[in-house]
Undergrad: 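Structure below; questions to follow.
Below, chains carry the letters A, B, ... as their sequence lines are ordered, and counting in each starts from 1.
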2 protein chains.
Amino acid sequence: MNMREFSAQSGLSAHTLRYYEKIGLLPGIQRNASGHRAFTSRDLEWVNFIVRLKDTGMSLGNILAYSKLRAAGDSTLGRRQHILEEHRDALKTRIETEQLHLKALDAKITHYRSLKAP
Amino acid sequence: MNMREFSAQSGLSAHTLRYYEKIGLLPGIQRNASGHRAFTSRDLEWVNFIVRLKDTGMSLGNILAYSKLRAAGDSTLGRRQHILEEHRDALKTRIETEQLHLKALDAKITHYRSLKAP
DNA sequence: ATGCAGGTTAGAGCTAACTCTAAGTCAAGG
DNA sequence: CCTTGACTTAGAGTTAGCTCTAACCTGCAT
């Protein structure tokens with residue numbers, strides 16, 4: 001898979017993908033004879049997971065830490081599981097908080113409505 | 001209410017509060033004889049609402065736009081209601097997306113568990 | 001052989017949202 | 001009178017995460 005297709009598949013710009021590789025988030029990307037990146041479907045799975053972590057509020061720094069454990073092999077499975085569990089719990093809490101915010105916004109909107117058509 | 005107490009009540013640092021006032025998010029803050037800010041409980045309600053919008057992903061730029069409408073008086077009620085409704089809908093969508101992410105994380109963690117204790 | 005599409009690099013530049021610094025004012029207590 | 005501490009300002013500095021630029025390669029079609 002070339003850069004164009006990988007960018008389309010992942011939803012990230014070529015600029016962003018090169019940046020991710022540069023900071024170490026995408027280790028082991030192969031190159032073809034002319035020095036162009038040759039992405040695999042495994043790379044795609046990994047970058048999709050990165051996006052999931054990012055979209056749920058994990059910083060690139062923390063994702064990088066996870067990435068390094070992953071690159072270090074099976075002996076880090078336990079630590080990786082722990083990181084994911086903590087992140088999952090944080091996400092759960094955030095969703096709950098956001099549901100409270102949603103309720104408060106709904107209440108405010110209802111208040112606006114009552115002012116509009118009294 | 002002086003800066004120290006307002007900062008404690010709002011959970012924002014004095015630096016951040018001055019910054020918010022500077023960019024126009026906190027209009028009409030009164031001053032006492034020696035030029036110090038004198039916050040009211042109405043200011044506190046407003047800054048709490050700002051924090052709610054921010055915590056649900058609204059940029060300070062958009063909050064500022066809302067703030068300017070609020071300062072412009074009752075004639076902007078309809079537009080303010082519209083902004084809130086759009087934001088509420090976006091939040092709803094985001095919560096739903098996050099719930100999918102949560103499920104995916106749970107699945108990944110379950111997978112890790114199965115590797116650990118086969 | 002030439003021009004174009006699609007890559008490559010190092011490194012500069014950008015935006016949002018703070019966060020801090022320096023230098024100063026003011027009121028009250030010892 | 002002098003110090004202490006809480007405040008003030010303008011403006012500089014920081015961080016995260018991109019985003020872009022300039023200059024350069026490479027392979028293919030006209």
Undergrad: Classify B:Lys22 by what it touches in the nucleic acid, base, sugar-phosphate, or nothing, heavy-atom distance under 4.0 Å.
TA: base
Undergrad: For the residue pair A:Phe49 and A:Tyr66, categorise the inter-ring angle as parallel (less than 30°), tilted (30 to 60°) or perpendicular (more than 60°).
TA: tilted
Undergrad: Can you figure out which of C:dT8, D:dA6, D:dT21 approaches the side chain of A:His15 most closely?
TA: D:dT21
Undergrad: Taking all non-hydrogen atoms of both residues, which atom of B:Tyr112 and which atom of A:Leu77 are closest, and how far apart?
TA: CE2-CD2, 3.2 Å
Undergrad: In a table with atom names and distances, give each donor-acceptor pair under 3.5 Å that connects a side chain of residues 16-30 of chain B to protein atoms at least two apart or in another chain.
TA:
residue, atom, partner, partner atom, Å
B:Thr16, OG1, B:Ser13, OG, 2.9
B:Glu21, OE1, B:Arg31, NH2, 3.4
B:Glu21, OE1, B:Arg37, NE, 2.6
B:Glu21, OE1, B:Arg37, NH2, 2.9
B:Gln30, NE2, B:Gly28, O, 3.3

Undergrad: Both B:Leu12 and A:Arg4 contact DNA chain C. Taking the nearest nucleotide for each, which residue is further toward the 5' end?
TA: A:Arg4
Undergrad: Starting at CE of A:Met3 and ending at P of C:dA5, how long is that distance when rounded to a whole Å?
TA: 19 Å
Undergrad: Side chain of B:Tyr19: nearest nucleotide among D:dT8, C:dT19, D:dT19?
TA: C:dT19
Undergrad: Specify the separation, in whole Å, of atom NE2 of A:His36 and atom C1' of C:dG7.
TA: 3 Å
Undergrad: To the nearest Å, give me how far apart CD1 (B:Ile29) and C1' (D:dC7) are.
TA: 15 Å
Undergrad: Just the rounded figure in Å: distance from P of C:dT8 to CG of A:Asn32.
TA: 8 Å
Undergrad: Search all heavy atoms of B:Arg79 against all heavy atoms of B:Leu69 and return the closest pair with its distance.
TA: NH1-CD2, 3.9 Å
Undergrad: Given C:dA17, D:dC18, C:dT9, which nucleotide is nearest the side-chain atoms of A:Arg18?
TA: C:dT9
Undergrad: Between C:dA27, C:dT9, C:dC18, which nucleotide gets closest to the side-chain atoms of B:Ser34?
TA: C:dA27
Undergrad: Nearest to the side chain of B:Arg31, which nucleotide is it out of D:dT9, C:dC18, D:dA6?
TA: D:dT9
Undergrad: OP1 or OP2 of C:dT9 sitting under 4.0 Å from any side-chain N/O of A:Arg37?
TA: yes
Undergrad: Examine D:dG17: is either OP1 or OP2 under 4.0 Å from a nitrogen or oxygen in the side chain of A:Tyr20? Give yes or no.
TA: no
Undergrad: Expressed in angstrom and rounded to an integer, what is the separation of B:Asn62 atom CG from C:dA17 atom C1'?
TA: 14 Å
Undergrad: Looking at every heavy atom in both B:Glu98 and A:Leu91, which two are closest together, and how far apart are they?
TA: O-CD2, 3.9 Å
Undergrad: Taking CG from A:Leu25 and C1' from D:dA16, how many angstroms apart are they, rounded to a whole number?
TA: 13 Å
Undergrad: Reckon B:Ser59 touches a base, only the sugar-phosphate, or nothing at all at heavy-atom distances under 4.0 Å?
TA: sugar-phosphate
Undergrad: Provide, to the nearest angstrom, the distance between the CE atom belonging to A:Met58 and the P atom belonging to D:dG17.
TA: 12 Å
Undergrad: Check whether any side-chain N or O of B:Asn2 sits under 4.0 Å from OP1 or OP2 of D:dA6, and answer yes or no.
TA: no
Undergrad: Rounded to the Å, how far apart are A:Leu64 CG and D:dA16 P?
TA: 12 Å
